[in-house]
Each structure stands twice: as structure tokens, then as C-alpha cells.
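The structure appears below as C-alpha cells.
FYI, the numbering just counts along the sequence from 1.
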Amino acid sequence: MLASLLGAVIEAALNKALTLSSELQGALSKGRHKILSVEVRDLHLHLAITNTGEHIHVLCPFDGNADCTISADCATLLELTDPSKLTALIRQDKLDLDGDLALAQLYSNALAALDIDWAEHLAQYLGDAPAQVIVDSINTIRKRAQQDAQVAKVTLSELLQDELKVSPHPLEFEQFKQQVRSVNSQLESVAQRINTLLQNSKGN
């Protein structure tokens, strides 16, 4: 249920971006009818994105073949808003990529170039306050995911250095799992809030 809702929200956002940005339409035209699969490891999500030229479709959950498959944790995927980091993340083993590298670069470049005030456009459908709540919640989750990833990275680095590459202590591993569960909980809360706001807007 949560995965399907998130897929619908991502699809709606991308298609709204298409209508607001002619540059995005042109940038994604080269990847028309190709399937980009994205696995978000720490959130246990697997989705697929394809562009027909007039509409972007997002399927979540996804279990099929794709022209390009990307697999990484949430914080690493957020770094792809800087296209120059793509190959560096692959070399650092933070991101796995299988298939058409050009397709991944195409989406990374296109989305990095977006400059849209989402709160302003969501306000047309939900009102100013609910729109701002959604945007602020998403930004909060994004920052929290980056912070949790940094904490995990530092913790792991210290363990590798101090314990001579001995596997992480169970307490540290449990802390990391709690951080992941916290991010999942925040995502579920935002998804429920979005669903409620959308239902209320339909009712009005």
C-alpha cells in the first residue's frame, strides 16, 4: 500500500514537472520508452520509471526487466542531483548500476536542472498550508536520510580503523537499524498525510 502510494506521488510529481518545464521534456526525449529501475535499499523500495513522450509512468513495486538498474541507499540516490557524482559513486561501491549508463545520466542531468517551486504549484490544489507541510516534510526526510547515512558512514569507518576490519559491533548495527526504521516511519507518516490531504482536496 505504502509503496503504491509513493509510486503514485512520484509519478504525479514527475508529470507535473513535465508540464512546468519544456526543458525537462526535451532532456528526457532521448530516453523515450526505456525503463529505468531504481532500488532504494534502506527503504526496501523498488520502482521503475519510463517516459512515453507525453507521460511518465512510475511502477512501484517493480519486479521486471529494465534498460538500466540503479541500486543504492536513499542518501546516495539523493546525491545524484549532482550528475558529476554518478561515476564516482559507482567507483566507491556506494551505487550499483547495471545496463545503460547513458540512461541513468540522462535522468540525473534532467532532474538536476529542475528549478520548480513545488509548494506554489501544490497550493493550487491543496491550499497554501497543506502544500507547505508536504514540501517541508519531504525536505526534512531528505535531510534526515543524509544525516543518518553520514552517521552510519562515520561509525563504520571508526570500526574498520579501530577494530582492524572486524565486523561491526551488534550495538552499532542495532543503532543503524533503528535509524533506518526511523526514516521508514517518517516516510509512512508523510505518505499518510499526503493521502489525507488528497482525499480532502477531492472532497472539496
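- The line from OG1 of T87 to CD of Q105 is 7.5 Å long, rounded to the nearest 0.5 Å.
- With sequence neighbours excluded, the residues that form a side chain to side chain contact (heavy atoms under 4.5 Å, CB included) with K30 are L106.
- Applying the 6.0 Å contact sphere to CD of E54 captures no more than 12 heavy atoms from other residues, nucleotides or ligands.
- Under a hydrophobic clustering in which Ile, Leu, Val, Met, Phe, Trp and Tyr are joined whenever their side-chain heavy atoms come within less than 4.5 Å, directly or via other members, V40 and F62 fall into different clusters.
- Between the side chain of N51 and the main chain of R32, no donor-acceptor pair closer than 3.5 Å is present.
- To the nearest 0.5 angstrom, I70 atom CD1 is 8.0 Å from S108 atom OG.
- Considering only heavy atoms from C-beta on, D96 comes within 4.5 Å of R41 through its side chain.
- Atom CD1 of residue I56 and atom OH of residue Y107 lie 5.5 Å apart, to the nearest 0.5 angstrom.
- A donor and an acceptor atom, one from each side chain of D63 and H46, are nowhere located under 3.5 Å apart.
- L77 is not connected to L59 by any chain of hydrophobic side-chain contacts under 4.5 Å among Ile, Leu, Val, Met, Phe, Trp and Tyr, and they are in different clusters.
- The closest side-chain heavy-atom distance from L95 to L86 is below 4.5 Å.
- For the pair V58 and I49, the tightest heavy-atom approach, listed with the atom from each and the gap, is CG2-CG1, 4.2 Å.
- Cluster membership for L45 and L97, using ILVMFWY side-chain heavy atoms within less than 4.5 angstrom, is shared.
- Here the OG1-NZ distance, from T76 to K85, works out to 10.0 Å after rounding to the nearest 0.5 Å.
- Between atom CG of residue D100 and atom NZ of residue K34 there is a gap of 4.5 Å, rounded to the nearest 0.5 Å.
- Between the D42 side chain and the C74 main chain, a donor and an acceptor come within less than 3.5 Å of each other.
- Using a 4.5 Å heavy-atom cutoff, the side chains of N65 and I35 are not in contact.
- Shown here for E39 and S71, the closest heavy-atom pair between the two residues is OE1-OG, 2.9 Å.
- To the nearest 0.5 Å, atom OG1 of residue T52 and atom CG of residue L28 are 11.0 Å apart.
- Using a 4.5 Å heavy-atom cutoff, the side chains of N15 and H55 are in contact.
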